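Some notes on the structure that comes next.
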Amino acid sequence: MEIRHNWTAKEVDTLFNLPFMDLLFQAQQVHREYHPANKVQVSTLLSIKTGACPEDCKYCPQSARYRTDVERERLMEVEQVLSAAEKARSSGATRFCMGAAWKNPHERDMPHLIRMIEGVKSMGLETCMTLGMLTPDQADELAVAGLDYYNHNLDTSPEYYGNIITTRTYQDRLDTLSHVRDAGMKICSGGIIGMGESARDRIGLLMELANLPQHPESVPINMLVKVAGTPLEEAEDVDPFDFIRIIAVARIMMPGSAVRLSAGRENMNDQTQTLCFMAGANSIFYGCKLLTTPNPGEDRDMMLFDRLGINRIESSQKPDQIEEASLMAQVAQQVAARPTEDDIFYDATR
Ligand code: SF4
């Protein structure tokens with residue numbers, strides 16, 4: 001299977017309509033051509049600023065426009081973030097993702113974000129952030145600080161997008177992805193299934209991702225978590241086999257990318273998750289919370305990995321680098337704890 005960027009809707013539709021076993025077989029073959037078998041990468045996600053987001057993403061309990069149980073929290077202190085990262089590292093995570101509920105970061109946030117990246121990086125963890133839209137300059141600043149990945153999901157097809165979000169355009173999203181790429185960072189971008197989209201929209205989402213000039217290195221496929229108070233709380237359930245098919249088609253279309261089983265795992269039984277791994281998923285979020293929605297407990301994940309003979313993909317850094325990084329992490333935490341001039345004037349409402 002070659003890496004392609006010219007998928008047509010007809011080809012993708014043909015993949016979706018293969019007999020289930022044929023599709024899974026093909027996806028697993030592609031998977032083994034590009035990735036080690038039985039290995040899954042594990043990331044941890046921390047919400048570093050929660051709720052009160054001005055955007056209107058209809059699936060999101062963090063939007064200020066909907067009445068949900070999410071408690072608003074301002075941007076976390078750097079040392080709190082570093083302490084959570086250290087915990088994630090000791091539990092076996094190799095990537096630490098930090099998410100802020102913003103339309104975009106403000107300039108005054110940047111020094112704090114940079115200190116978070118530098119601190120987490122020094123622990124030997126890969127770093128990822130999701131902060132909303134970025135300007136080219138902000139993307140450059142984050143890249144220089146050492147940010148490895150930037151997450152910015154396309155969510156759905158361009159045609160269905162307006163039914164889900166009206167406060168920014170599809171092109172805005174593509175522009176941010178392009179700034180991230182130009183700054184030299186890796187891209188994490190995927191979508192959400194179960195928002196009332198049609199089969200054609202699912203094809204459209206995968207085509208947008210796979211026909212980017214370079215495939216995202218990480219492709220999270222989320223199953224909608226229906227949260228009370230959001231406009232999608234009553235959305236129809238997705239047939240698990242349809243969801244598994246999406247994972248398989250994503251694997252075939254983007255052979256070299258990590259396909260991440262993301263939100264919605266809490267509501268999947270072990271058998272569904274297993275078929276997702278068979279279909280080519282090789283990355284998960286780990287930990288009992290995904291931003292603000294539940295995620296399977298770490299023990300349940302590890303027990304399933306054991307039962308399936310799956311091993312976690314180790315950090316790309318060598319052990320001696322990690323040991324050194326651990327020492328540096330302690331230094332970074334001390335540095336982070338020192339207030340800066342920015343802290344003194346920092347707007348507590350952000
Ligand atoms: S998905 Fe992100 S941008 Fe959209 S409302 Fe939620 S926090 Fe805001």
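Note that ligands are numbered from 1 as they come in the structure, with each ligand's atoms numbered from 1 the same way. Everything quoted here is computed from the prediction, not taken from an experiment.
In the hydrophobic clustering of this structure, Ile164 does not group with Met133; members are Ile, Leu, Val, Met, Phe, Trp, Tyr whose side-chain heavy atoms approach within less than 4.5 Å, directly or through other members.
If you check the side chains of Thr167 and Asp56, you find a donor sitting under 3.5 Å from an acceptor.
Among protein heavy atoms, atom 4 (Fe) of ligand 1 sits closest to Cys57 SG, 2.3 Å. Among all protein heavy atoms, the one lying closest to atom 2 (Fe) of ligand 1 is Arg168 NH2, 4.4 Å.
Because its NZ or CZ atom is both nearer than 6.0 Å to the ring centre of Tyr149 and within 45° of the ring axis, Arg95 counts as a cation-pi partner of that residue.
Of all atoms in ligand 1, numbered sequentially from 1 with element shown, those under 4.0 Å from a heavy atom of Ala101 are 7 (S). Of all atoms in ligand 1, numbered sequentially from 1 with element shown, those under 4.0 Å from a heavy atom of Cys60 are 1 (S), 5 (S), 6 (Fe), 7 (S).
Scanning all heavy atoms of the two residues, the minimum distance from Glu159 to Asp201 falls at CB-OD1, 4.2 Å.
Checking Cys53 against atom 6 (Fe) of ligand 1, every N/O/S atom stays at or beyond the 2.8 Å cut-off.
Here the side chain of Arg251 pairs a donor or acceptor atom with the backbone of Met254 at under 3.5 angstrom.
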